[in-house]
Amino acid sequence: LLQSNPGLSRYIAKRVGDGWVEQPEKLEGLLAYADDTESLRELAKVKLAAKKNLCDYIARDFGIACNPDGVIDVQVKRIHAYKRQLMNIMKVMDIYNRRIADPNFHVTPTTFIFSGKAASSYTFAKETIRLINSVADVINNDPRVNEVMKVCFIPNFRVSNAQLIFPAAEISEQISTAGKEASGTSNMKLMMNGAITLGTLDGANIEIADLAGRENEAIFGLTAPEVEQLWASNSYFAWDTLNGDRERLGRVMDELKDNTFAGLSGNFESIYNELMNNNDPDLVMADFRSYVDAWEKLTNSYGDQETWNRKALLNTASSGWFSSDRTIREYRDEIWHA
């Protein structure tokens, strides 16, 4: 926040002083401004400036024209099956399909941003990256949708581009299969920079929802106990889920094989087979509709900018808990008894 988001840092210091830099719990002083219309408007200007910086970078380096007035939806993290970047891009495919089928279907203008690296031998992760780029190639060049949808995979995720992404983010995609994420840190960074978490109750998302208020996040999907029960009972069958939603989920799954997104090096039978033949081990299909519904509800509320910015402010105000100083103090007192 301090290093990469000077606009928000100044905004905070103007209201609570500079003490938050060494004592992040002082961010809670922002709570006093949660209902101050002028402060929320100023916060919106800070966010818009950060979004313009990111959009300028994407246009300059990747030739993709993003809309800074639309939603910036971000998933940046290591590419891994359980982190479910696949479910995110399947959501984008579903929204694309529905918009093509019905030009009157409302889509809040959104730029979907992905970034992260995959282990060199992790074929499934590499194929997921290829799918994201293939979907981006189709959507970004389709005039039927590209006024309201853009997709960008930012390669070589690193500090220098993270410093542009985190300040601009408005939706923080934290969609790992419940029970699989030890903690996560991108969710903390995004929360501190005012993004609203769209996520499962997994890892630090649980604390984020508790700290900022669950009503200020968008929580969806199976919980960790529900996931455990589902596997323990041997009652989950991917084919049943697919057959129960042929119109939308079925269409997305078909598109992995039917050349819709095959322009960049072919289809995605390996992803299809991982979901269907291995019985959807990360429950991508099980959580799919809950996830898309949560995204739609969240983005449909974007028109009420005062409420949206209030949620953003409450996230930043509540994020001081995620401080290494606080953690070390607790280690000292509760573990080391120093």
Side-chain angles (χ1 to χ4, degrees), residues 1-9 11-12 27 40 43-59 61-62 64 66-79 83-85 88-89 91-92 108-116 132 136 149-155 157-176 184-199 203-205 208-209 211-212 216-219 291 294-295 298-299 301-302 305 308-319 322:
L1 170 60
L2 181 65
Q3 295 298 319
S4 67
N5 201 342
L8 184 55
S9 295
Y11 173 92
I12 294 166
L27 288 169
L40 296 177
L43 183 63
K45 292 178 182 177
V46 169
K47 179 62 75 173
L48 180 60
K51 290 164 66 178
K52 286 179 177 178
N53 286 339
L54 177 62
C55 290
D56 288 346
Y57 163 68
I58 292 172
D61 283 35
F62 312 115
I64 300 172
C66 303
N67 176 10
D69 293 315
V71 177
I72 302 293
D73 179 317
V74 167
Q75 188 177 21
V76 289
K77 54 182 74 252
R78 179 168 54 97
I79 311 298
K83 293 179 183 288
R84 300 199 293 190
Q85 286 90 353
N88 190 346
I89 197 61
K91 171 198 70 189
V92 177
T108 302
T110 302
T111 299
F112 301 93
I113 292 174
F114 298 79
S115 196
I132 293 167
M149 298 175 67
K150 289 289 172 67
V151 183
C152 180
F153 185 91
I154 297 178
F157 185 51
R158 59 199 187 276
V159 170
S160 57
N161 53 30
Q163 288 179 329
L164 293 168
I165 295 169
F166 284 110
E170 292 175 295
I171 295 179
S172 167
E173 297 267 0
Q174 306 297 331
I175 59 177
S176 54
T185 55
S186 70
N187 48 8
M188 304 173 191
K189 297 168 192 169
L190 287 160
M191 175 197 194
M192 188 167 278
N193 283 276
I196 296 170
T197 297
L198 170 60
N205 296 350
I208 287 172
L211 290 163
N216 296 308
E217 318 300 340
I219 303 299
Y291 169 51
W295 182 87
L298 179 60
T299 55
S301 72
Y302 193 68
Q305 278 287 288
W308 186 283
N309 290 318
R310 184 177 188 275
K311 290 181 178 183
L313 182 71
L314 291 172
N315 272 276
T316 299
S318 306
S319 65
F322 297 113

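Positions are given from 1, in the same order as the sequence printed here.
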J.: For V151 versus I64, what's the shortest heavy-atom pair and its separation?
T.: O-CD1, 3.8 Å
J.: In Å and rounded to the nearest 0.5 Å, what is the CD1 to CZ distance from I79 to F157?
T.: 9.5 Å
J.: Could you report the tightest heavy-atom contact between C66 and C55, atom names first, then the distance?
T.: CB-SG, 3.5 Å
J.: Do the side chains of E173 and F114 get nearer than 4.5 Å, heavy atoms only?
T.: no
J.: Can you name the residues that form a ring-ring contact (aromatic ring centres under 6.0 Å, His included) with Y302, not counting sequence neighbours?
T.: W308
J.: With rounding to the nearest 0.5 angstrom, report the CZ to CG distance, F166 to N5.
T.: 11.5 Å
J.: Are side-chain heavy atoms of N67 and K150 found at a separation under 4.5 Å?
T.: no
J.: Out of curiosity, I113 CD1 to I165 CD1, how far, rounded to the nearest 0.5 Å?
T.: 6.5 Å
J.: How close do A212 and N315 get, counting heavy atoms only, and between which atoms?
T.: CB-OD1, 3.9 Å
J.: For the atom pair CG (L313) and CD1 (I12), what is the distance rounded to the nearest 0.5 Å?
T.: 8.5 Å
J.: To the closest 0.5 Å, what do you measure between CD1 (I175) and CG (N187)?
T.: 12.5 Å
J.: Main chain of G70, side chain of K51: is a donor-acceptor contact present, judged purely on distance under 3.5 Å?
T.: yes
J.: For a 4.5 angstrom cut-off between non-hydrogen side-chain atoms, does Y291 reach L198?
T.: yes
J.: Check A169 against K47 and note the closest heavy-atom contact, atom names and distance.
T.: O-NZ, 2.8 Å
J.: Carefully, step by step, assess L43 and L8 under the rule side chain to side chain contact (heavy atoms under 4.5 Å, CB included).
T.: CA-CA 8 Å; L43 183 63; L8 184 55; 3.6 Å; yes
J.: Taking side chain as C-beta onward, heavy atoms only, is T299 less than 4.5 Å from I171?
T.: yes
J.: In the structure I gave you, are the side-chain heavy atoms of D73 and K91 within less than 4.5 Å of one another anywhere?
T.: yes
J.: Would you indicate whether the side-chain heavy atoms of V74 and T111 approach each other to under 4.5 Å?
T.: no
J.: So how far is it from Q305 CD to L40 CG, rounded to the nearest 0.5 Å?
T.: 10.5 Å
J.: Considering all heavy atoms of both residues, which atom of S318 and which atom of L211 are nearest to each other, and what is their separation?
T.: OG-O, 3.5 Å
J.: Apply side chain to side chain contact (heavy atoms under 4.5 Å, CB included) to W295 and T110, showing your working.
T.: CA-CA 11 Å; W295 182 87; T110 302; 3.7 Å; yes
J.: Is there a donor-acceptor pair closer than 3.5 Å between any side-chain N or O of S115 and the backbone N or O of F153?
T.: no
J.: Can you tell me which residue among K83, K77, R84, E217 is in a side-chain hydrogen bond (donor to acceptor under 3.5 Å, both in side chains) with Q174?
T.: K77
J.: Using a 3.5 Å distance criterion without hydrogens, assess whether the side chain of N161 forms a donor-acceptor pair with backbone atoms of R158.
T.: yes
J.: Ignoring hydrogens, what is the shortest heavy-atom contact between A50 and A168? Give both atom names and the distance.
T.: O-CB, 3.6 Å
J.: Just by distance, do the side chain of S172 and the backbone of L190 share a donor-acceptor pair under 3.5 Å?
T.: no
J.: For the backbone of R78 and the side chain of Q85, can you confirm whether one donor and one acceptor N or O come within less than 3.5 Å of each other?
T.: yes
J.: Determine yes or no for a side-chain-to-main-chain donor-acceptor pair under 3.5 angstrom, with E170 supplying the side chain and I72 the backbone.
T.: yes
